[in-house]
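A short write-up of the structure that comes next.
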Amino acid sequence: MKKFLLLFTLSAHFVLAQFTDIHIIKEIRSKDRGLVVSAHPLASEAGAKVLKMGGNAFDAVIATQYALAVVYPQAGNLGGGGFLVGVKNNGEKFAIDFRETAPEKSSRDMYLDNKGKANTELSQNGRLAVGVPGSVAGFFATLKHAKLPMEKLIQPAIDLAEQGFALTEREANLLNSQMQFFNQHNTAKTAFQKEKWKAGDVLVQKDLAETLKLIQKNGAKGFYEGRTANLIVGEMKRGNGIITFNDLKNYHATERKPIVFDYKGNEIVSMPLPSSGGILLAQMLKMSSFENLENFQQNSADAVQIMVEAERRAFADRAEFMGDPDFIQDQTSMLISDAYLKNRWKSFDKNWATPSSAVGKIISQTKESTETTHISIIDKDGNAVAVTTTLNGLYGSKVVVSGAGFFLNNEMDDFSIKPGVPNMFGAVGGEANSIKPGKRMLSSMTPTIVLKNRKPFIVVGTPGGTTIPTSVFQSIVNVVDFKLNPNLTVNLPKFHHQWLPESVQVENGFPEITLKLLEKKNYIFEKVSQIGRTEMIVIDENGNAVAVADGRGDDSVAME
Ligand code: GLY
């Protein structure tokens, strides 16, 4: 049996955890070399390898994403979509939207039965849950900012898929936990199905390697046309899927203007609609600044109350106003204006929890688990990139494209399938996020770069569905207001509130005194095992960078 060596660095301490040939590195400091942080050590290494070959941060982010599609199949993907925020060393800021779209045969009420009841089983699992994938188009849209040819950037992923890689215990357990769903939703055997995976087993993905080679040879057409398109449409026909050749051929990634705003002398650059992330982040940071958050302690009752109330008001707006800006009136400027937010903040009462009904119309709730993944990168020349990408749920729809070897997303569930019916993250939405052919579903992904004196200061993001914007919010205030070091910022217990449900989620280990004080003000808490997996790089004014991979998973940093 293969021996393993898992190497963790936590706050600069090295702890030998268990034997594996995968090196998990939790923190690296560097002054003049590029850094890559992602959910998997082999993906971070793929990015670092490309930096060593002379690539820039944008080359590295493409290589890391392809590698994640192989070694992190629960969220890394070819069959999903995402958002990228980039800042170049010449000051150029840009955002790439490669979110999935609703297929041409989709319709507003496609998940309602004849009694008008929403069927979330159909929007969350199987072929009808799949939006038209955007990731490969996103990688090609990013290439415009890169230096190396795509053939080189995709090669590490091809090698990993062909030669295989050893699973960690966490990965083996995760695959085992989903086996019944893989069996239920796939008609042919996939690389992921086996009686029982264990740590050290090698996952080889020959079909995926062939798909990657087609992209290497034919560009985006290697995915959206020809053999791969045939296999995707063929997979749709094995069940109730509706994606057509037209849907695939017509898919395009879009470059958008990022949301840019000032927070206490720092310039925040984040994702605009169709992700709600940047708007929510601006709203939460600005509202909490009305109460001078910097005067309080991190995770103290005062600070948590202010931040929860900012989250409550921002998420109520998300449900009412936000959706794909190509289909709805974009109200971003109004929503992040000081005048609007000051008015919204008038109902804040430091003696009492504001009832959610006071800031938006109440609808009942459920919620489920979250999966997505984030990459933060800087290069030695001062370029920075943050990308968050997803299949939506864990392994998306659980459907693997037979012969092509990759999971398809279940992103259709991020639409409001019936206004008022919560999605898998418990988020409700209204007409602004209703299903229409070609429309992108509202997201919470919040890839963010903070600039100080026009240079990258923080590169940050996380998975976690609706907990994404609130985690990024906490990451930024932890550094800017509470002056915490990056390791504590990432690893201390977090909290999350989203207007509905009324309760506040807190990670195990959250200070009990804070909970007790806030319970007296009518706050309700729900303990959860984990919120997000933050990948963060912080660079000081002298160019000293610290990259931290979240301790909640196998996340890892690599250096050029
Ligand atoms: N599917 C999670 C998100 O887009 O926010």
Side-chain angles (χ1 to χ4, degrees), residues 39 65 68 72 74-77 79-85 95-102 120 123-125 129-135 138 253-254 256 259 270-281 284 311 314-315 317-319 322-325 367-375 386-398 407-417 421-429 432-433 435 439-448 460-473 496 498-499 505 530-534:
Q65 285 178 97
L68 277 177
Y72 196 69
Q74 68 258 41
N77 66 82
F83 297 107
L84 178 150
V85 168
I96 299 175
D97 163 3
F98 51 100
R99 184 69 160 165
E100 299 91 326
T101 53
T120 49
S123 66
Q124 290 176 9
N125 294 302
V130 185
V132 183
S135 288
T254 304
R256 298 191 186 270
I259 288 198
S270 193
M271 196 65 214
L273 292 174
S275 182
S276 61
I279 300 178
L280 296 180
L281 185 63
M284 295 183 296
E311 292 172 359
F315 272 88
D317 282 357
R318 182 191 196 274
M322 298 182 210
D324 182 345
K367 63 177 166 43
E368 288 184 33
S369 69
T370 60
E371 270 296 327
T372 289
T373 190
H374 178 83
I375 306 165
V387 63
T388 314
T389 178
T390 189
L391 289 165
N392 196 23
L394 189 63
Y395 303 99
S397 60
K398 325 283 194 236
F407 281 100
L408 288 165
N409 67 81
N410 61 343
E411 215 74 61
M412 290 298 283
D413 189 59
D414 270 351
F415 280 114
S416 329
I417 60 170
V421 173
N423 72 1
M424 65 192 304
F425 305 112
V428 286
N433 188 32
I435 303 171
K439 190 173 174 183
R440 284 151 148 89
M441 54 297 281
L442 185 63
S443 170
S444 298
M445 291 187 274
T446 318
T448 300
V460 66
T462 178
T466 43
T467 71
I468 294 173
T470 57
S471 293
V472 172
F473 173 37
H496 168 74
Q498 58 179 51
W499 172 54
Q505 290 180 3
Q530 184 174 323
I531 297 177
R533 281 164 65 170
T534 304

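Atoms within each ligand, like the ligands themselves, are counted from 1 in listed order. All of these numbers come straight from a predicted model, not from anything done at the bench.
- Here the OG-CG distance, from Ser275 to Leu280, works out to 7.5 Å after rounding to the nearest 0.5 Å.
- Neither the backbone nor the side chain of Glu100 comes within contact range of ligand 1; no heavy atom lies under 4.0 Å.
- When only modelled atom types and interatomic distance are considered, His374 and Thr388 share a side-chain donor-acceptor pair under 3.5 Å.
- Taking every non-hydrogen atom of Arg99 and a distance limit under 4.0 Å, the qualifying atoms of ligand 1 come out as 4 (O).
- Look at Met441 and you'll find every heavy atom at least 4.0 Å from all atoms of ligand 1.
- Within the model, atoms CG of Leu281 and OG of Ser444 stand 12.0 Å from one another, a figure rounded to the nearest 0.5 Å.
- To the nearest 0.5 Å, the span separating OG1 on Thr466 from CZ on Phe315 amounts to 5.5 Å.
- Of the listed options Ile468, Asp414, Asn392, Asp414 places a heavy atom closest to atom 3 (C) of ligand 1.
- In the model, Glu311 has no side-chain atom that pairs as donor or acceptor with a side-chain atom of Thr470 under 3.5 Å.
- Below 3.5 Å of separation, one finds no N or O of Thr372 facing any N or O of ligand 1.
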